[in-house]
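Accompanying notes for the structure given below.
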Number of protein chains: 2
Amino acid sequence: MNPYIRRIKELSKKMDPEILAEVEAGFVEKEYAKGSLLLQVGQICTSHFLVQSGVARKFYCHSNKEITTEIYFHDDVAISLDSYIMKKPSDVYLEALSPLKVMVIDYKRFQKVSEKYPEVMILDKMFIEYYAVWFEKKLKEFQTLDATTRYLAMLEKEPRIIQYLPVTIIASYLNISLETLSRIRSKITA
Amino acid sequence: MNPYIRRIKELSKKMDPEILAEVEAGFVEKEYAKGSLLLQVGQICTSHFLVQSGVARKFYCHSNKEITTEIYFHDDVAISLDSYIMKKPSDVYLEALSPLKVMVIDYKRFQKVSEKYPEVMILDKMFIEYYAVWFEKKLKEFQTLDATTRYLAMLEKEPRIIQYLPVTIIASYLNISLETLSRIRSKITA
DNA sequence: TTGATTATTTGACTCAGGTCAAATTTCCGT
DNA sequence: ACGGAAATTTGACCTGAGTCAAATAATCAA
């Protein structure tokens, strides 16, 4: 996702500085310890979390297993979209996987600014558009690629993931078992 | 998707009738014969197609196989999101599965109105938000449910699909083979 | 450094769902 | 109503990936 966020960031630089200042006045910096939760299941997600430094993930539990659906690095935005949009309790966790620094962007406050300035709303809309496109692509990956190919695609497109994260989480992100991931790796290296 | 579209429709009724008229002035009704394409692979998608009557689908080809990703009935919106948003050639087809009547909503024209009236842009944004949420849910389904459960979920939530469509398309929508679908059906009926 | 705990790999086995081929049913056009 | 094409079902077989269990390897606290 983060090339998209960067694009939005760039566009925001072209905005009237006063408006930009008003937007950014609503950003609050916050830190989380490794392992702590930015969002609990059951909580309603009322903010975007823009990652400044560190790593985080989104995951949910299904038959005693954790499934990681997104991994966030610098300039990624962590959010439980379903909860945020539908204003209903989240069915996913957002967790810091390292000491984490984020900008918290509060929904209500941002909403107000966004309704005042169309150019802000356009960027907000752009964020969701990119998110939707990203999901469509992920879905396609699961529909068409087998485990090995998904792993290779990840190596190629998101190499930071293998550099920083334990196998448990990588496997759950690829939606395969630990053992299968291990076998894929040894096959590749050989 | 269509409960979401209905919600947007309802909200649009509360809008200033003059604005609404301006929006709707950009809608063009169009008809397609069964089997014809609303959008070709390679073409850039510049409109939303709001289905009035009939059935359509989105699909793409992968190793000589067609994979159907969305099926549209009355009040659904057919669109190649990736192409539309990123302004790049589509990698999916949109096809009429029956005689089809749609409202064509042209991107450029709508965009202009939308930038003029924030209340219009909000509805536009809402459309994408719902779309993203829907994709997130679909992805979760593929990650957690086996073929039989996916079929049962479809029966439950999208019963029109089995009523109107040939098995080939249903199977490709569930991302399983024809034969597997056939086996699932006979197991269920028994 | 060492022992204990946790993470990763390897092995043996199972199973959901795929493939290919053949049989059967359904659907039309004439 | 009949014959042929297309759709659907059934059978035999195979394979990717899961599970459970055991073996190694890595990590870390004292």
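Basis for what follows: all heavy atoms, side chains included, without hydrogens, waters or symmetry-related copies.
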Give, ordered by number, those residues of residues 137-148 of chain B having at least one heavy-atom distance below 4.0 Å to an atom of DNA chain D; if nothing qualifies, reply none.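 Going residue by residue through residues 137-148 of chain B, none turns out to have a heavy atom under 4.0 Å of DNA chain D.
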Which pairs count as ring pair (Phe, Tyr, Trp, His ring centres under 6.0 Å) when at least one residue sits in residues 35-58 of chain B, sequence neighbours excluded?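 Pairs touching residues 35-58 of chain B that pass the test: His48(B)-Tyr84(B), His48(B)-Phe127(B).
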Contacts of type ring-ring contact (aromatic ring centres under 6.0 Å, His included), residue Phe135(A), not counting sequence neighbours: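 For Phe135(A) the ring-ring contact (aromatic ring centres under 6.0 Å, His included) partners, ignoring immediate neighbours, are Tyr131(A).
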List for me each residue that meets ring-ring contact (aromatic ring centres under 6.0 Å, His included) alongside Tyr130(A), sequence neighbours excluded, and say none if there are none.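 With sequence neighbours excluded, Tyr130(A) shows a ring-ring contact (aromatic ring centres under 6.0 Å, His included) to Tyr4(A), given in chain and number order.
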Angle between terminal axes - the helix from dT1(C)-dA30(D) to dT30(C)-dA1(D), 5 pairs each end, rounded to 10°: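 Inter-axis angle at the ends, rounded: 40°.
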Co-members of Tyr93(B) in a cluster of I, L, V, M, F, W and Y side chains, linked at under 4.5 Å: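 Once heavy-atom contacts under 4.5 Å are chained together, Tyr93(B) belongs with Leu37(B), Val41(B), Phe59(B).
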Hydrophobic cluster mates of Val92(B), side-chain heavy atoms under 4.5 angstrom, ILVMFWY only, any path?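 Taking Ile, Leu, Val, Met, Phe, Trp and Tyr as members, Val92(B) shares its hydrophobic cluster with Tyr60(B), Ile67(B).
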Please determine if Lys137(A) and Asp82(B) form a salt bridge, counting it only when a charged side-chain N lies under 4.0 Å from a carboxylate O.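 Here Lys137(A) does not pair with Asp82(B) in a salt bridge, since their nearest N and O are not under 4.0 Å apart.
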Lys/Arg-Asp/Glu bridge criterion (N-O < 4.0 Å) met for Arg109(A), Glu22(A):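 The answer is no: the pair does not qualify as a salt bridge.
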Which atom pairs link the protein and nucleotides 20-25 of chain D when you take only N or O atoms and keep those under 3.5 Å?
| unit_1 | atom_1 | unit_2 | atom_2 | d |
| --- | --- | --- | --- | --- |
| dC20(D) | N4 | Glu179(A) | OE2 | 3.2 |

Can you give each donor-acceptor pair under 3.5 Å made by side-chain atoms of residues 145-156 of chain B, sequence neighbours left out, with the distance rounded to 0.1 Å?
| unit_1 | atom_1 | unit_2 | atom_2 | d |
| --- | --- | --- | --- | --- |
| Asp146(B) | OD1 | Thr148(B) | N | 3.4 |
| Asp146(B) | OD1 | Thr149(B) | N | 2.9 |
| Asp146(B) | OD1 | Thr149(B) | OG1 | 2.5 |
| Thr148(B) | OG1 | Lys187(B) | NZ | 3.4 |
| Arg150(B) | NE | Leu174(B) | O | 3.3 |
| Arg150(B) | NH1 | Leu145(B) | O | 3.0 |
| Arg150(B) | NH2 | Leu174(B) | O | 2.7 |
| Tyr151(B) | OH | Arg185(B) | NE | 3.4 |

Cut-off 3.5 Å, no hydrogens considered: what does the side-chain donor-acceptor table look like for residues 9-16 of chain A, sequence neighbours left out?
| unit_1 | atom_1 | unit_2 | atom_2 | d |
| --- | --- | --- | --- | --- |
| Lys9(A) | NZ | Asp75(A) | OD1 | 2.8 |
| Ser12(A) | OG | Lys9(A) | O | 2.5 |
| Asp16(A) | OD1 | Glu18(A) | N | 2.8 |

Give a yes/no verdict on a cation-pi contact between Lys138(A) and Tyr173(A), requiring under 6.0 Å between NZ or CZ and the six-membered ring centre and an angle within 45° of the axis.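 Yes; both conditions hold, so Lys138(A) lies above the ring face of Tyr173(A).
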Among residues 152-167 of chain B, which ones have heavy-atom contacts with DNA chain C below 4.0 Å?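 Contacts with DNA chain C under 4.0 Å: none.
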OP1, OP2 of dG16(D) versus side-chain N and O of Lys187(A): anything below 4.0 Å?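 Negative; the distance criterion is not met.
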May I ask you to say what Leu181(B) touches in the nucleic acid, namely base, sugar-phosphate or nothing, with a heavy-atom cut-off under 4.0 Å?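 Nothing: the residue Leu181(B), judged by heavy atoms under 4.0 Å, touches no strand.
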Looking at the side chain of Ser182(A), which of dT19(D), dT9(C), dT9(D) is the nearest nucleotide?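 In terms of side-chain proximity for Ser182(A), the closest of dT19(D), dT9(C), dT9(D) is dT9(C).
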Can you list everything that forms a side chain to side chain contact (heavy atoms under 4.5 Å, CB included) with Arg183(A)? Sequence neighbours excluded, please.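 Arg183(A): side chain to side chain contact (heavy atoms under 4.5 Å, CB included) contacts with Glu179(A).
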